[in-house]
Structure formats: C-alpha cells, structure tokens
A.B. asks: 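Can you keep this structure in mind? I'll have questions shortly.
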Protein chains: 2
Amino acid sequence: MEYKDRVEAALGKGTVRRRSDRPQAIISAAIRLVGEHGFANTRLEDVAEAAGVSKAAIYLYFESKEDLFFALVREGALPTVADTNAAVARHEGSLSDLLQEIILGIGHLMAHTELGTIVKIVAAEARNFPELVTYHRDEVVARAMTTISGVIEKGIATGEFLPCDARAQAALCIFPVLMNGIWMNSIGPDPSIVDPDALLKAHAETFIRGLAA
Amino acid sequence: MEYKDRVEAALGKGTVRRRSDRPQAIISAAIRLVGEHGFANTRLEDVAEAAGVSKAAIYLYFESKEDLFFALVREGALPTVADTNAAVARHEGSLSDLLQEIILGIGHLMAHTELGTIVKIVAAEARNFPELVTYHRDEVVARAMTTISGVIEKGIATGEFLPCDARAQAALCIFPVLMNGIWMNSIGPDPSIVDPDALLKAHAETFIRGLAA
DNA sequence: CGCAGGTGACTGACCAGTCAGTAACATGTA
DNA sequence: TACATGTTACTGACTGGTCAGTCACCTGCG
C-alpha cells in the first residue's frame with residue numbers, strides 16, 4: 001500500500017500533511033504494541049504502520065526507540081495522578097466514600113484504559129531501564145502514596161478509621177487495583193476467574209470495612 | 001576463559017561432567033536473567049555463561065529458546081501450588097490462622113524467591129505466549145483460587161467469616177501478594193515506599209478483619 | 001577404541017537507525 | 001494569473017550489528 005493510501009485509511013480522505021497530531025498517534029500505537037509484545041519485541045516498523053506513517057517518520061519526532069519509550073511512559077501516568085489529587089482536594093463527605101471513589105475510579109482506568117497497559121509496561125521493563133524506575137517512583141508512586149495515606153491519616157484523626165500504619169494501608173489500597181490492571185493486560189478478561197469490576201467493588205467494601213473503626 | 005575454568009568458577013573445583021544437574025542449572029540461570037531482562041532481551045549466550053556451559057550445550061537439553069522458556073515457567077510455580085494444597089489439607093485450628101499462614105507463606109516466596117520472578121515473567125510475556133496463559137490459568141491460578149476460596153467458603157459455613165463472594169475474596173487475598181512479588185522483582189526493595197514483609201503482615205490482618213464475622 | 005557430552009566458529013534472518021530523494025504546500029515575483 | 005523557488009513532512013531502500021540456531025570437530029571416561 002502506498003503512503004497516501006495508508007494515510008487515508010488511517011485518517012480518512014483529506015490532506016496528507018498533519019504534523020501536529022503525529023507524535024500522539026505514534027505514542028498511542030506504541031503503548032498498544034509495547035503493552036502487547038514488550039519493548040524489545042516491538043518493531044518500530046509496526047508502530048509506524050499502526051500510526052499511519054513510515055518508520056523513518058518516527059525519527060522526526062523521537063530521537064530513538066528508547067526516547068519514544070520514555071515519552072509513552074511519561075505521558076501515560078501523570079494525568080491520572082493529577083486527577084486523583086484534584087478529586088481528593090475537592091471532596092466533601094465521608095472519607096470512606098472518598099476511598100471508595102479512588103479505588104473505583106483508578107480501578108476503572110487500570111482495567112479498561114491505557115493506564116493499566118502503562119503499569120504493566122513499567123513492571124515488565126523496570127530492570128532494563130533504571131531511570132524509568134527512578135522517575136516512576138518519584139513522580140507517580142510517591143505522590144499517589146502520599147495522597148492516599150493522607151486520606152487514611154485524616155480518617156484516623158477524625159476517628160472514622162482505626163489507628164494503623166497509614167503507608168502500609170495505602171499500599172494495600174492500591175496493590176489490588178494495580179494487580180487488576182496488570183491482570184487485564186496480561187491474562188486478559190476472564191470472568192470465570194475474576195470479574196475485574198466485581199473485584200474492585202468487593203475490594204472497596206472489604207478494605208474499607210477492615211479499616212473502619 | 002576456557003570451558004573448564006568457567007565450570008569451576010560456576011560450581012567450584014571438581015568434576016566437569018555432570019549431565020544430570022545441567023538442565024536445572026540452565027533453568028535457574030534463565031529464570032534470573034529472563035526475570036531481569038525479559039525473554040526477548042535475554043541472550044542464550046548469557047544464560048549459558050551463567051550456567052557454566054556453552055550456548056550449544058543448551059540445545060542438548062532444550063529444543064529451542066522458547067522450549068527453555070516454557071520449562072522454566074512450568075517448573076517455577078507448580079511446587080508452590082502443591083505445597084499450599086498440602087498445607088491446607090493438614091491444617092488444624094482456626095481458618096483465620098490458616099489464611100494468615102497462606103498469605104505470609106506464599107507472600108514470603110513471592111517477595112524473596114524465584115517464585116516472584118516467575119509471576120513477573122508470566123505477566124510480562126503473557127501476550128507473546130498465549131499457551132503460557134492457558135497453562136497458567138488452568139494449572140496454577142485455577143487451582144490456587146479453588147484452594148483459597150474453599151477455605152473462605154468453609155469459614156462462611158462455620159460462621160467464622162461473613163457471607164460474601166468467596167471467589168472474589170480469594171482473588172483479593174492473593175492479588176496484593178502477587179503485586180508485592182512483582183514489585184520486588186521490578187522496582188526492587190525500597191522500604192521508604194513499601195516494606196514487603198510489613199505489608200504482608202498488614203495485609204493478613206486487614207484482610208482477615210474485613211472478612212471476620 | 002567408542003561414544004556421551006561437550007565445544008567454538010559460523011550463518012541467515014531480523015531490525016534500529018540513516019539518508020538521498022519526493023510530493024504537497026507556501027511565498028515571492030511579474 | 002502563472003510560474004519559479006523554497007520549505008515542510010515524509011518515504012523507500014539500505015547498512016551494520018546482533019543473536020538463535022547449526023555443524024563439524026574435540027575429549028575424557030569405561
């Protein structure tokens with residue numbers, strides 16, 4: 001298939017020049033393919049085809065395969081952290097409700113959007129890219145942990161929750177959510193084993209009951 | 001370094017020919033390296049060197065790189081499932097104690113032995129090897145889920161636990177344990193974020209309290 | 001000697017990254 | 001309006017390095 005035909009197939013009839021949306025199209029294709037096959041096993045030629053460009057075009061926007069990889073990991077998780085912080089800041093009502101909202105909200109993103117793919121990618125490739133670990137530990141994990149353990153500590157202070165190690169509980173709050181996302185992106189949906197949404201609901205209930213005073 | 005020297009470095013002074021323990025040495029080396037770098041990024045030459053043999057020797061015991069891969073995944077998880085079933089069968093005492101024993105026992109293996117590496121490998125490579133998913137779903141996950149949900153159902157029957165969806169709770173029981181193992185094998189130990197053993201202890205407590213009648 | 005249990009050197013396929021070339025559009029010039 | 005000249009966005013063909021898998025030969029033990 002010729003270039004123009006490919007572009008039309010990917011974007012519909014029209015102009016051929018569309019610089020601005022290219023990087024995002026490439027990143028989206030890369031998230032999907034790297035999520036499926038891993039970094040080493042993903043061919044830049046396939047990313048290019050999925051994004052409707054040639055392999056060489058990727059090098060117009062990214063310095064190298066690794067550069068593209070860092071870009072997709074960076075862009076993939078930050079919005080969620082920011083959104084969660086915002087939701088916590090504007091929340092009114094009981095802290096149990098807030099925790100439930102966090103679990104179900106992030107849980108849904110993990111199970112059904114690119115976010116779960118990102119988490120799986122980070123886990124799978126961490127050892128190959130140490131900078132990735134540093135970045136994620138500081139920019140994503142530490143922030144998320146601070147936000148959630150803050151909610152739990154506040155609940156302990158108000159007497160809504162039993163006294164406990166808030167940091168450990170924050171980890172226990174998100175670990176099943178993360179695992180659910182990894183599961184969906186690896187083993188795939190299989191309700192006969194675990195139904196992801198039912199599991200999230202059960203987790204929210206059990207976890208909050210375990211915490212409640 | 002010559003062959004004999006390499007072998008001595010890997011195994012200490014002594015005999016050079018030891019057919020019987022070769023496959024296990026190769027598998028152990030492969031688990032470590034594949035766990036660190038992923039399947040595609042692990043060179044058979046490096047596996048060979050770590051096992052103290054030449055690359056060609058691997059082909060005396062395994063048909064292909066993929067064959068070795070399946071062998072390591074198969075050998076890696078089955079003993080744990082069998083051990084857990086045995087522990088459940090011979091257990092006397094409260095079901096809460098049994099659940100705690102399961103969480104801490106499997107949790108320790110996940111965080112500190114090859115088992116965690118295997119789980120990480122399966123999650124990372126699942127999409128590349130569909131047979132792997134089928135195998136693990138049927139031979140490992142389904143059995144483990146049956147065992148644990150059996151314990152929970154028994155607890156509901158005796159009145160020790162509240163009525164609930166036993167299968168979902170079984171998943172919630174092991175998900176944090178699995179995630180802890182993946183974490184240790186990806187991000188690595190970092191007590192400032194999560195101390196793996198403290199987390200397991202907290203999980204056992206909270207989870208059982210959430211379940212208790 | 002015979003042969004099980006190796007080895008080291010080799011090969012073919014694969015793929016990241018490069019580069020000379022081109023189609024589509026913009027701008028100036030008369 | 002008509003056409004030259006420049007620019008942007010992109011391509012197809014190529015190259016060099018890497019690695020799974022093969023093969024002809026080696027070596028110590030019974």
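Residue numbers start from 1 in every chain, and the chains themselves are labelled A, B, ... in the order their sequence lines are given, proteins ahead of strands. The figures here come from the full heavy-atom set of this structure, side chains too, leaving out hydrogens, waters and symmetry mates. Since this is a predicted model, take the numbers as computed values, not measurements.
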A.B. asks: Could you list all N or O pairs between the protein and nucleotides 20-22 of chain D that sit under 3.5 Å apart?
C.D. replies:
residue, atom, partner, partner atom, Å
D/dA20, OP1, B/Thr42, O, 3.2
D/dA20, OP1, B/Lys65, NZ, 3.2
D/dA20, OP2, B/Leu44, N, 3.1
D/dA20, N7, B/Lys55, NZ, 2.9
D/dG21, OP2, B/Tyr59, OH, 2.8
D/dG21, OP2, B/Lys65, N, 2.8
D/dG21, O5', B/Tyr59, OH, 3.3
D/dG21, N7, B/Lys55, NZ, 2.9
D/dG21, O6, B/Lys55, NZ, 2.7

A.B. asks: Who are the side chain to side chain contact (heavy atoms under 4.5 Å, CB included) partners of A/Ser186, not counting sequence neighbours?
C.D. replies: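 Side chain to side chain contact (heavy atoms under 4.5 Å, CB included) check on A/Ser186 returns A/Lys120, A/Ile182, B/Ala123, B/Ala126.
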A.B. asks: Output the rounded distance in Å from NE2 (A/His37) to P (C/dC15).
C.D. replies: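 After rounding, the gap between these two atoms is 11 Å.
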A.B. asks: Flag the pair B/Phe69 / B/Phe62 as yes when their ring centroid distance falls below 6.0 Å, and as no otherwise.
C.D. replies: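 Ring centres of B/Phe62 and B/Phe69 not closer than 6.0 Å.
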A.B. asks: To the nearest Å, how far apart are B/Leu60 CG and D/dC23 P?
C.D. replies: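 Computing the B/Leu60:CG to D/dC23:P distance gives 14 Å.
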A.B. asks: Return the value, rounded to whole Å, for the distance between atom CG of A/Asn41 and atom C1' of D/dT18.
C.D. replies: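 After rounding, the gap between these two atoms is 14 Å.
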A.B. asks: Scan residues 165-179 of chain B for pairs that pass side chain to side chain donor-acceptor pair (under 3.5 Å), counting only residues two or more places apart or in two chains.
C.D. replies: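 Listed by first then second residue: A/Thr206-B/Gln169.
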A.B. asks: Looking at residues at least two apart in the chain, or sitting in another chain, which of them share a salt bridge (charged side-chain N to carboxylate O under 4.0 Å, His left out) with B/Arg137?
C.D. replies: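 Partners of B/Arg137 by the salt bridge (charged side-chain N to carboxylate O under 4.0 Å, His left out) criterion, ordered by chain and then number, come out as A/Asp190.
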A.B. asks: Under the side chain to side chain contact (heavy atoms under 4.5 Å, CB included) test, which residues partner A/Ala171, sequence neighbours left out?
C.D. replies: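 Side chain to side chain contact (heavy atoms under 4.5 Å, CB included) check on A/Ala171 returns A/Met145, A/Phe175, B/Val194, B/Leu199.
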A.B. asks: Could you state the atom-to-atom distance from CD1 of B/Ile58 to C1' of D/dC19 in whole Å?
C.D. replies: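 In whole Å, D/dC19 C1' and B/Ile58 CD1 are 12 Å from each other.
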A.B. asks: Show me, pair by pair, the donor-acceptor contacts under 3.5 angstrom made by side chains of residues 76-92 of chain A, not counting sequence neighbours?
C.D. replies:
residue, atom, partner, partner atom, Å
A/Thr84, OG1, A/Thr80, O, 2.8
A/Asn85, OD1, A/Thr147, OG1, 2.4
A/His91, NE2, A/Ser94, O, 3.2

A.B. asks: Less than 4.0 angstrom between a side-chain N/O of B/Tyr61 and OP1 or OP2 of C/dG5, yes or no?
C.D. replies: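 Indeed not, no polar side-chain atom of B/Tyr61 lies that close.
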